[in-house]
K.L.:
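Let me give you the structure first, and then I'll get to my questions.
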Amino acid sequence: MKPKVAFFDFTGCEGCQLDALNLEGEELLDLLNAVDIVNFREVKTEREDSYDIAFVEGSITRESEIPRLQKIRNQAKVVVALGACACIGGINCLKNHLPMEDALRIVYGEDAKYYDTIPARPADAVIPVDYHVRGCPPTTAELLKVIKALLLGKKPDIPSYPVCVECKMAGNVCVFERGMTCLGPVIRAGCGAICVTSGWHCWGCRGLVEDPNVDSEKDILQKYGLTVEQVVEKFKIFNTYAEVTK
Amino acid sequence: MQENSVLIVDDEPIVRESIRDWLKDAGYQVATAETGEEALEMVEKQDFSVMVLDLRLPGKTGITVLKEVKTQRPWIKSIIITAYPSAETTAEATKLGAIDYLIKPVAPDDLERLVRETLSAVGREPTVTTEVEIRPKPPVVEVVEVKKAFVITKDSLKSMVEGLAKEREVVGVKSRHGKYVYDRIASFEELCLDYDVTVMSPTKYLLPAKETLLRFKIGDEPEVEPVIEASPRAIIGVHPYDIKAIELLDEAFMTTNPDPNYIARRQNTIIIGADCLNPSPKSFAPSMGTYLTETGFDLLLTNIGADYMITVGSEKGADLLAKYAQVREPSGDEVAKQKAVRDEALAKYELSLNVPRERLPKLLEESYDDPYWESRSETCLSCGSCVMVCPTCFCFDVQDEVVLNLKDGERLRQWDGCVLVDFAKVATGENFRHDKASRFRHRIYRKGKYILERYGKVGCVGCGRCATACLAEIASPLEAFNAIAESVQAKEAAMRTIREVKPETELYAPRLAEVVKIDELTPNEKVFEFRFKDGKELGHRPGQFVEVSIMGTGESPISVSSSPTKDGTFQLAVRNVGNVTNALHALERGAMVGIRGPFGNGFPLEALDGRDVLLIAGGIGLFPLRSLVQYILDRRSSFGKVILLFGARSPAERLFLDELDLWSRSPEIEFQETVDKGDESWKGNVGVITTLIPKVDIDPGKTMAVVVGPPIMYRFVIGELKKKGLADENIILSLERRMKCGVGKCGHCQINGVYVCQEGPVFTLAQLRNLREAV
Amino acid sequence: MKQVNVNVHQVTRVEGHGNIVLNAKDGKIEELRWEVTESPRLFEAMFRGRYYEDVPHIASRICGICCIAHTTASIQATEAAFGIQPSEQTLLLRRLLYDAEILESHILHILFLAAPDFLGVGSVFPLVETHKDVVVMALRLKKLAYNLAELIAGRKTHPISCIVGGFAKLPDLGELKAIRGRLENALVDLDTTVELFRTLSIPDFNRETEYIALKDPKEYTFISGEIASTDAGIAPLSNYLEVTNEFCVPHSTAKYTKNKRDSYMVGALARFNINHEQLLPRATRAAKELGLNAPCHNPFMITTAQIVESVHVVQDSLNIIDQILARGLAEEDNTVKVRAGRGIGAVEAPRGILFHDYTYDDNGVLTKANCIIPTNQNHNNIQKDMEGLVPLILSQPEDEIRHTLEMLVRAYDPCISCSAHLLKVTFK
């Protein structure tokens with residue numbers, strides 16, 4: 001019996017799910033041989049209410065999304081948070097800095113009363129999550145890695161060390177030596193340090209490592225010319241939720 | 001045991017008879033054997049103190065004889081003689097316990113002296129070693145002669161590089177983003193030979209960031225094949241410190257347990273070095289003895305102004321010159337110029353060690369508890385930059401990856417580092433170096449002490465890369481060394497060049513073994529009995545472990561639970577804790593798994609011989625200890641009084657119930673057991689295992705204790721044993737660490753300078769007193 | 001007393017969340033709504049106080065499909081605010097990157113989201129059994145677009161290398177050459193797609209409306225030019241607010257727009273209607289074969305127009321690669337001098353014209369932002385189309401009505417999550 005896989009989306013850009021389709025012909029066939037995709041609103045019409053593995057994309061930003069997510073947790077054996085929004089809150093959390101009523105009023109004027117919004121949060125602020133596929137967007141390879149691990153019955157081997165390891169493996173010249181700053185030293189690897197390799201720096205979309213030495217990183221960023229404010233702003237883009245809970 | 005009895009095994013009559021005569025004249029009892037088979041027959045019937053063994057024999061090889069003698073009468077000391085020394089066989093022989101190694105033709109004096117020393121050592125009480133003997137005796141290899149140097153013009157160098165590019169990939173130093181990197185060279189003009197330092201060291205070409213070790217197909221009978229790929233390559237511009245680093249990697253990967261992947265790359269790589277004339281401000285190579293080198297390269301360039309001096313370092317290098325370049329003899333001025341530019345460069349270094357580097361190991365030994373480690377590592381991010389850029393770092397991790405069809409897969413290795421948080425973490429979640437300070441300290445000790453003591457090569461080449469890469473600015477070993485400076489003498493091994501090595505391609509490839517029986521001990525623990533598909537014996541010693549592979553899931557170390565005296569099969573007792581053990585528990589009879597090994601040192605059977613033995617097993621510590629219990633019972637006459645104490649947490653967690661029953665009723669062994677907590681039906685002892693120790697009656701002068709159990713148990717048991725008057729060297733423990741490769745390469749199982757998979761997992765308490773990380 | 005109740009909760013095979021509600025009794029429509037229920041993303045809160053360097057990367061996250069569109073519009077708005085003129089090389093690379101975006105987005109819509117409707121299945125998955133070649137081809141085209149974007153910007157979804165002032169890393173010429181071959185093959189694949197669509201029957205429904213798109217006299221443009229309307233002629237970018245006129249409706253978290261009529265349409269069909277004469281020859285040929293003639297007022301032909309545009313961008317990318325290979329690529333100085341100012345960036349996202357309007361202070365920090373999203377601009381048109389279409393099909397069985405209405409929504413290739421978010425906001 002092939003495991004049943006379902007994709008769900010909450011508040012997000014849906015880029016993570018779309019990247020899941022970035023497969024070669026043979027890979028898609030192999031995937032469909034290995035699992036039954038029973039729910040994928042963006043790509044198929046039929047829906048099923050019974051599934052084994054649920055991928056959840058997007059963060060929770062409305063009251064109405066909470067019971068929906070809880071229902072998925074009750075239904076699925078395994079829940080996987082897919083993408084930065086679901087794993088760490090992601091970019092959606094930037095709005096958390098504004099008081100909610102102000103934000104709504106600004107956007108919708110008097111019609112604000114029709115719209116509810118709550119501070120954005122990751123999936124595991126609402127339900128227990130079994131696995132995470134991190135990144136904004138995650139790589140197709142990592143999504144497949146988690147699926148393969150689930151099928152083989154083993155824990156997926158996701159790095160616990162920072163981006164610097166992969167950056168060096170890729171042969172990059174360190175961003176700090178090129179006049180820029182970077183969050184890499186406290187951000188979890190697994191992306192292959194793609195942003196640095198592409199000429200830029202790390203913004204932290206995969207979230208902090210488990211025991212980050214944030215104070216040291218902040219000191220380093222200041223040493224390289226950022227003010228305290230600028231340092232905090234840098235972390236905020238993807239990691240507001242982590243900052244807020246500290 | 002017959003004192004003074006020597007067995008000579010050699011198929012050449014001349015050798016055999018002349019050695020026999022020498023030793024007889026010297027007063028020894030001598031027997032001879034012409035073949036390995038004959039030797040083994042004699043060993044079965046008769047005991048010897050020493051065996052002089054030729055490696056090349058018709059029929060059973062010397063190595064096989066050595067192995068089998070070790071199983072039969074492990075106390076026989078072997079001296080190897082051979083006309084064809086090779087690093088590989090000598091390393092293997094030494095691993096099997098050979099005392100020493102002589103090359104034919106053997107001088108009578110040498111042999112006689114060696115036999116005498118060996119015998120006199122046998123006659124004494126077992127030697128107490130407080131230092132763990134780490135380095136095997138180095139193989140005898142030729143030292144390359146002094147180099148010839150020539151002058152080569154820039155144009156000629158260019159045509160040499162272009163010629164090289166036709167036969168192999170050429171990589172060299174070029175500039176990128178204002179720094180220097182090693183990369184493919186498209187044209188000679190791209191080469192920057194006057195650079196200060198590259199971001200990453202050229203060792204990445206010998207041990208790449210990621211490489212495939214095996215390809216496999218998952219299935220009822222898995223298919224596994226080693227993958228060894230190496231295309232010819234030349235690296236141009238390697239500075240002496242990097243050359244020295246490569247020499248270290250050669251030592252680590254080409255001698256003990258030769259690594260086929262590394263060797264293939266190494267033998268296909270030409271190294272064209274270059275003197276460093278513009279050192280980086282962070283470099284301290286002269287302090288580490290690495291700013292010049294006379295070995296380790298095929299060719300070496302020195303920029304003497306208009307032209308280059310090119311020094312030949314090997315036959316390969318000489319061939320290249322002959323093939324592709326026009327060179328001429330240097331004038332006296334030019335030779336002087338070469339020395340002058342080197343001296344000029346030396347003057348440019350800004351940083352240096354404040355103590356002679358020979359003192360570093362002792363210095364570090366005495367500074368283990370220095371508050372420096374804690375304070376300095378405060379700002380450490382555990383980001384891994386220091387180990388990634390370091391030329392002398394080579395620890396790696398091994399993982400299985402599969403394709404979506406869940407059938408095809410690869411076993412890959414990729415760089416890892418001891419400063420990363422999870423490096424020393426095991427499946428149960430325990431992390432043996434869980435804090436920054438201990439990881440930071442370990443790295444510095446590797447660089448300053450452990451590597452030197454194990455491999456005889458300097459562990460830090462002073463390139464300065466980590467000082468640049470570390471954002472917290474704490475990584476430089478120079479600063480650490482200087483910070484805790486003191487005076488000591490240390491040894492440094494002779495420099496040598498490793499040459500012809502035939503690697504064992506199957507080093508990482510597991511052999512298939514079939515599950516012939518499965519018994520459930522408890523809901524979480526099972527015993528699996530295996531037989532190798534090719535019918536061969538495992539050939540292990542009690543206390544050793546194997547690496548078990550479930551292709552696609554991974555590989556895990558598991559102690560062997562049965563004695564080698566049981567023929568045909570071996571047993572592994574497995575607790576379900578992680579990915580691989582989980583997958584194992586799901587197997588049924590007939591399934592095939594991969595096995596590598598046996599690894600580790602095993603229990604010291606020679607030391608136990610003739611003694612009283614007190615065996616103490618806590619919980620699943622019985623898994624490895626059972627192998628020893630069975631061995632002792634099968635060779636009962638070799639031992640005195642034998643006591644076995646076993647403690648389980650509760651009656652439901654008792655293991656091997658049938659055997660416990662057998663042992664409790666056997667007159668050959670005094671068996672006591674206890675449980676921490678009893679239940680309604682339990683009539684036996686209740687209390688932790690230490691409560692049994694005061695009750696046993698032992699003679700501390702004659703007894704050796706062997707203890708295996710969870711770490712927490714050791715401290716208390718040791719306490720009780722000390723109260724009984726047992727000396728440290730008579731208390732034997734087996735330790736657990738995270739193990740991956742099993743062959744002393746990947747670095748994960750380190751306890752200070754010791755590799756658990758090589759010098760352990762069995763240690764005496766005396767040895768552990770000097771291993772600070774151990775308990 | 002015939003009751004028709006169609007209640008589609010969260011239309012499938014569209015990006016984002018929207019509902020269709022239809023209640024009719026005895027041929028009289030009581031309720032007919034296209035409801036946008038997407039969670040308000042409140043992007044203006046995300047832009048607030050951000051340094052200019054970070055702004056395009058946040059803008060990218062507005063949408064998972066048209067990330068390159070948002071990034072480009074964001075970069076152009078910032079460059080306009082700072083008075084930066086991108087180099088010729090940068091413009092070539094941006095156009096090439098954009099071609100990848102259009103191709104990827106259109107292929108996703110044509111073959112994965114819309115085609116199943118025409119082939120009578122619920123998704124592309126069953127087609128793996130019945131039309132394996134088509135699925136393999138669709139994946140191949142999508143992957144090609146992905147790889148082309150990766151080559152230029154490091155990654156397709158949420159690109160990395162495109163920055164204010166240029167590119168942080170230049171593509172490798174050797175790899176450009178290699179991908180050129182795959183693009184040639186793509187033209188063949190697109191011929192196959194054209195052939196496939198010629199055989200499908202497309203609902204015939206026409207409702208004339210106003211069409212709005214960017215127009216540039218030099219070429220069939222996606223990232224340059226001025227605002228063109230079929231009703232109102234050409235207007236400069238600075239007039240975009242007068243053209244779009246956003247307003248709120250109670251049943252939608254997205255705003256609506258209108259210009260000269262009750263609603264207007266943006267997107268592939270609008271672009272085709274306005275710029276069809278500038279299509280490259282192969283694309284013009286494809287339009288003819290597919291029976292697409294300007295002006296076309298059938299929203300169900302939007303998908304057809306997308307096929308035509310796909311052919312165009314592949315041919316365009318081949319032209320650009322040849323230009324780049326001829327002139328080579330040179331490292332350029334990307335330093336940016338910030339200054340206080342306001343700038344408007346407009347691009348044609350796959351779904352239609354997109355505006356980003358930014359105001360910066362003299363530290364390069366964003367103080368005010370406004371974005372008009374293409375699907376925003378189409379919501380009103382969808383509503384009006386439904387109002388025009390339903391009376392014509394009311395006599396059909398309920399299932400068919402529902403299916404047709406869903407197909408209508410899907411035809412627009414709406415990108416709903418982008419649309420429910422942003423309005424003009426000032427920060428104190």
Side-chain angles (χ1 to χ4, degrees), chain A residues 9-19 21-29 32 37 40-47 58 61-62 64-65 85 90-92 94-98 103-104 106-111 114-115 117 120 136-137 194-195 197-200 203 205 230 233-234 237, chain C residues 10 12-17 38-46 48-51 54 57-58 61-65 67 108 112-113 116 122-125 128 132 135-137 139-140 142-143 146 153-161 163 167-169 248 250 253 406 417-418 421-423 425:
Chain A
D9 45 327
F10 290 83
T11 303
C13 76
E14 296 185 21
C16 302
Q17 288 180 64
L18 283 174
D19 266 17
L21 287 177
N22 183 26
L23 303 167
E24 312 272 356
E26 284 310 315
E27 282 177 314
L28 180 62
L29 288 171
L32 295 177
I37 301 184
F40 199 157
R41 190 198 52 81
E42 194 159 354
V43 167
K44 71 185 270 187
T45 290
E46 301 91 341
R47 306 177 233 229
T61 65
R62 298 171 101 164
S64 46
E65 289 177 331
C85 293
I91 237 171
N92 288 326
L94 276 174
K95 70 172 191 191
N96 293 357
H97 297 290
L98 273 186
L104 281 173
I106 289 166
V107 182
Y108 296 112
E110 303 96 55
D111 296 322
Y114 292 114
Y115 311 111
T117 187
C136 181
I194 185 175
C195 292
T197 310
S198 302
W200 223 193
W203 275 279
C205 74
Q230 285 172 320
E233 289 301 304
K234 267 233 144 27
I237 299 175
Chain C
Q10 290 197 358
T12 57
R13 279 187 278 119
V14 295
E15 195 283 341
H17 303 95
E38 186 71 26
S39 307
R41 311 275 297 292
L42 302 179
F43 260 91
E44 66 279 11
M46 304 195 207
R48 170 198 189 172
R50 300 251 79 83
Y51 192 50
D54 298 331
H57 294 275
I58 299 176
R61 269 88 187 167
I62 294 176
C63 180
I65 311 183
C67 352
L108 174 70
F112 289 85
L113 305 184
S123 76
V124 71
F125 298 132
V128 170
K132 180 165 168 200
V135 176
V136 171
M137 175 187 78
L139 288 170
R140 185 169 55 232
K142 197 159 167 309
K143 196 108 210 239
Y146 247 87
R155 185 167 60 189
K156 160 67 180 66
T157 307
H158 306 321
I160 307 166
S161 317
I163 59 175
F167 280 83
K169 183 171 174 205
C248 267
T253 51
E406 286 179 328
S417 56
C418 308
H421 78 307
L422 229 279
L423 244 228
V425 145

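Fair warning: this is a prediction, and the values are worked out from it, not measured in the lab. Below, read A as the first sequence line, B as the second, and so on, with proteins coming before strands; counting in each chain starts at 1.
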K.L.:
Could you have a look at A:I91, A:L29, A:I37 and say which one has the most heavy-atom pairs with chain C under 4.5 angstrom?
P.N.:
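Heavy-atom pair counts peak at A:I91.
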
K.L.:
Which region of A:L32, side chain (C-beta onward) or backbone (N, CA, C, O), has a non-hydrogen atom less than 4.5 Å from a non-hydrogen atom of chain C, or is it both or neither?
P.N.:
side chain

K.L.:
Can you confirm whether C:Y51 sits close enough to A:E233 that some side-chain heavy atom of one is under 4.5 Å from a side-chain heavy atom of the other?
P.N.:
no

K.L.:
Quick check on the interface: out of C:G122, C:G154, C:P159, who has the most heavy-atom pairs with chain A under 4.5 Å?
P.N.:
C:G122

K.L.:
C:E406 versus chain A, heavy atoms under 4.5 Å apart: side chain, backbone, both or neither?
P.N.:
neither

K.L.:
What's the separation between atom NZ in C:K156 and atom CG in A:D19, rounded to the nearest 0.5 Å?
P.N.:
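Answer for the NZ-CG pair, C:K156 versus A:D19, is 8.0 Å.
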
K.L.:
Which one of A:G12, A:P137, A:C13 has the most heavy-atom pairs closer than 4.5 Å to chain C?
P.N.:
A:C13

K.L.:
Under the side-chain contact (heavy atoms from CB on, under 4.5 Å) rule, what do A:T197 and C:K169 come out as? Steps first, then yes or no, please.
P.N.:
CA-CA 9 Å; A:T197 310; C:K169 183 171 174 205; 4.3 Å; yes

K.L.:
Is there a side-chain contact between A:C136 and C:H158, using heavy atoms and a 4.5 Å cut-off?
P.N.:
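Yes, side chains in contact.
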
K.L.:
Is there a side-chain contact between C:T157 and A:L18 in this structure, where contact means two heavy atoms from C-beta onward sitting under 4.5 Å apart?
P.N.:
no

K.L.:
Counting heavy-atom pairs under 4.5 Å to chain A, which of C:V136, C:V128, C:V135 comes out on top?
P.N.:
C:V128

K.L.:
Between C:A168 and A:S198, which heavy-atom pair has the shortest distance, and what is it?
P.N.:
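For C:A168 and A:S198, the tightest heavy-atom pair comes out as CB-O, 4.0 Å.
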
K.L.:
How far apart are the closest heavy atoms of A:K95 and C:M46, and which atoms are they?
P.N.:
N-CG, 4.4 Å

K.L.:
At their closest point, which heavy atom of A:L94 faces which heavy atom of C:R50, and how far apart are they?
P.N.:
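In terms of heavy atoms, the two residues are closest at CD2-NH1, 3.4 Å.
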
K.L.:
Going by heavy atoms in the side chains, are C:K143 and A:L23 under 4.5 Å from each other?
P.N.:
no

K.L.:
How far does CZ of C:R61 sit from SG of A:C205, to the nearest 0.5 angstrom?
P.N.:
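Answer for the CZ-SG pair, C:R61 versus A:C205, is 6.5 Å.
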
K.L.:
May I ask you to test the C:L139-A:E27 pair for a side-chain heavy-atom distance under 4.5 Å?
P.N.:
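No; the side chains remain at least 4.5 Å from each other.
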
K.L.:
In Å and rounded to the nearest 0.5 Å, what is the CH2 to CD1 distance from A:W203 to C:I58?
P.N.:
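Those atoms lie 10.0 Å apart.
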
